[in-house]
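In this text, all values refer to a predicted model and were calculated from it rather than measured experimentally. Every chain is numbered from 1 and lettered A, B, ... according to where its sequence line falls, protein lines coming before strand lines.
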Number of protein chains: 2
Amino acid sequence: MALRRTILIVEDEKPIREMVSFALGRAGYDLVEAGDVTEAFEQMSQKLPDLVLLDWMLPGASGIEFARRMKRDELTRDVPIVMLTARGEEEDKVSGLEAGADDYITKPFSPRELMARIKAVLRRASPEDEGGVIEVAGLKLDPESHRVVGGDVDVEIGPTEFRLLSFFMTHPERVFSRTQLLDRIWGRNAYVEERTVDVHILRLRKALLPSGFDGLIQTVRGVGYRLSSKT
Amino acid sequence: MALRRTILIVEDEKPIREMVSFALGRAGYDLVEAGDVTEAFEQMSQKLPDLVLLDWMLPGASGIEFARRMKRDELTRDVPIVMLTARGEEEDKVSGLEAGADDYITKPFSPRELMARIKAVLRRASPEDEGGVIEVAGLKLDPESHRVVGGDVDVEIGPTEFRLLSFFMTHPERVFSRTQLLDRIWGRNAYVEERTVDVHILRLRKALLPSGFDGLIQTVRGVGYRLSSKT
DNA sequence: AAAACGGGTGACACGATTGTGACAATATGA
DNA sequence: TCATATTGTCACAATCGTGTCACCCGTTTT
């Protein structure tokens with residue numbers, strides 16, 4: 001399990017939203033819902049989703065318009081779109097794909113089909129997650145080999161601690177509250193005690209101990225945690 | 001990107017040719033168009049393309065016939081083929097892959113998907129065919145003779161394990177998820193359980209056991225597998 | 001000074017992930 | 001055609017990872 005994926009669904013029919021929400025939730029995705037285009041843009045500006053499920057028939061501005069606007073904006077250009085069309089609307093499909101959609105599903109669809117499409121599109125859209133080795137104060141983390149080396153000592157680390165450390169190293173010198181960390185590493189819809197963060201911080205520090213790089217993770221009392229090379 | 005790649009599209013519907021042409025042009029490929037099989041052969045004799053996009057439903061000789069002829073000729077045998085099929089034509093896909101196609105795309109398709117497939121196929125096709133002996137930490141693999149030698153012990157290995165090992169050895173020190181491995185070794189068209197990867201990893205390790213080179217294949221829990229000479 | 005708070009830490013149970021042998025279906029080759 | 005390999009799946013076992021909890025100890029508040 002790599003990073004947690006967020007999916008935005010833009011769909012005015014609530015039953016469908018709920019069914020999708022249920023299916024995706026169980027499969028470990030975070031779901032953000034929007035009932036119309038305006039709401040969708042709000043949600044997008046809040047947090048950029050990894051994929052957009054877009055109904056083609058919407059009140060107000062249509063799905064196609066939404067897709068075009070997404071493709072026009074540098075920020076949202078690369079977010080893949082899967083569109084939901086009514087049965088047999090061939091023209092919709094064609095115009096949708098031209099507007100930049102990556103795939104479509106014909107209503108009614110099964111959760112299984114939905115999952116298959118989403119997985120396939122996500123896989124194709126983000127082939128290389130991120131770039132090379134991240135280094136902070138001599139601590140090196142390599143996403144490609146999934147390895148952490150401190151000085152010249154290997155750091156043995158579990159998946160969650162890896163994600164935690166990776167997140168901290170890409171945002172050094174910044175404090176994050178437990179809530180923020182839960183959001184970004186566990187995912188928005190995970191119901192997990194805040195204290196769990198403490199435990200993982202502890203485990204991360206322990207894992208870093210042999211290399212002497214514990215202490216990089218600092219506690220900011222009453223606020224949260226921070227990775228910092230300064231004392 | 002050093003070399004400029006030439007792609008030949010064989011497709012009788014002009015709108016599709018134009019859409020593809022537009023997409024590929026922007027991505028920096030040279031495109032040669034052909035409306036039927038005869039034209040296609042003319043173009044091929046003019047300049048050998050790096051990849052052929054082949055519609056399966058063509059006037060006159062069908063796509064499958066074209067593919068067969070390509071595979072029969074020494075010159076064109078190694079040019080990868082991506083076929084374009086209508087949705088749900090399962091038999092087409094099967095017969096197509098049997099006839100030597102490397103991948104397929106179902107119409108209608110998005111430019112993004114098209115690009116992804118083309119890139120993937122080209123990547124798979126070009127670096128693999130140059131064949132020196134690959135060696136990692138004393139484990140030698142010869143693509144030509146299809147043999148693996150560890151230290152001085154012969155490694156007995158089946159076709160799938162050979163491909164697996166070959167892939168790992170050309171990408172050492174990198175983690176690959178089960179999904180990635182399925183994509184790149186089994187190909188996108190196979191529906192195969194993810195756990196099947198585990199079984200083949202096991203078989204590969206067993207095959208390597210006599211030479212002591214098991215342990216080269218490491219498990220990265222929660223992520224995937226990696227070949228590494230480091231512990 | 002006592003109580004409340006915030007965080008560190010070890011233990012533990014549960015679930016998730018991976019290893020492994022067996023099996024049926026299929027492909028391959030004599 | 002028959003014998004042999006190969007392959008994908010499954011069921012079960014072995015490990016490992018994760019989230020909670022209880023308890024401790026300093027710090028801050030009352």
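- Put simply, the side chain of R17(A) never gets that close to the backbone of I9(A): no donor and acceptor are under 3.5 Å apart.
- Take E173(A) and apply the side chain to side chain contact (heavy atoms under 4.5 Å, CB included) test, not counting sequence neighbours, and it matches S228(A), S229(A), K230(A).
- Put simply, CG on D198(A) is 17 Å from P on dC5(C), counting in whole angstrom units.
- Of all heavy-atom pairs between V153(B) and S211(B), the closest is CB-CB, 4.0 Å.
- Heavy atoms from other residues, nucleotides or ligands lying under 6.0 Å from CD of E156(B) number 12 at most.
- If you run side chain to side chain donor-acceptor pair (under 3.5 Å) between Y225(B) and each of R174(B), R178(B), Q218(B), only R178(B) comes through.
- F41(A) is linked by a side chain to side chain contact (heavy atoms under 4.5 Å, CB included) to V37(A), F66(A), R69(A), counting only residues two or more places apart in sequence or in another chain.
- A donor-acceptor contact shorter than 3.5 Å links the side chain of R205(B) to the backbone of I217(B).
- Distance CD (Q218(A)) to P (dG8(C)): 12 Å, rounded to an integer number of Å.
- In this structure, the side chains of L141(A) and F162(A) come closer than 4.5 Å at one or more pairs of heavy atoms.
- Listed by first and then second residue, the ring-ring contact (aromatic ring centres under 6.0 Å, His included) pairs that reach into residues 197-224 of chain B are W186(B)-H200(B), sequence neighbours excluded.
- Rounded to whole angstrom, the span from the CD1 atom of I201(B) across to the C1' atom of dT7(D) amounts to 15 Å.
- For DNA chain D, no neighbouring residue in residues 205-217 of chain A is found when judged by any heavy atom under 4.0 Å.
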Please list each protein N or O that sits under 3.5 Å from an N or O in nucleotides 28-30 of chain C, with the distance.
none

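- With D50(A) contributing its side chain and T6(A) its backbone, the two residues share a donor-acceptor pair below 3.5 Å.
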- prompt: Which letters describe nucleotides 16-27 of chain D, given B = protein heavy atom under 4.0 Å from base, S = only from sugar-phosphate, - = neither?
  reply: BSBBBB----BS
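- Within the structure, a side-chain polar atom (N or O) of Y225(B) is placed less than 4.0 Å from OP1 or OP2 of dG19(C).
- We find that CG of L204(B) is positioned 14 Å from P of dT6(D), with the value rounded to whole Å.
- Here L54(A) contributes atom CG and L84(A) contributes atom CG; the two are 7.0 Å apart, rounded to the nearest 0.5 Å.
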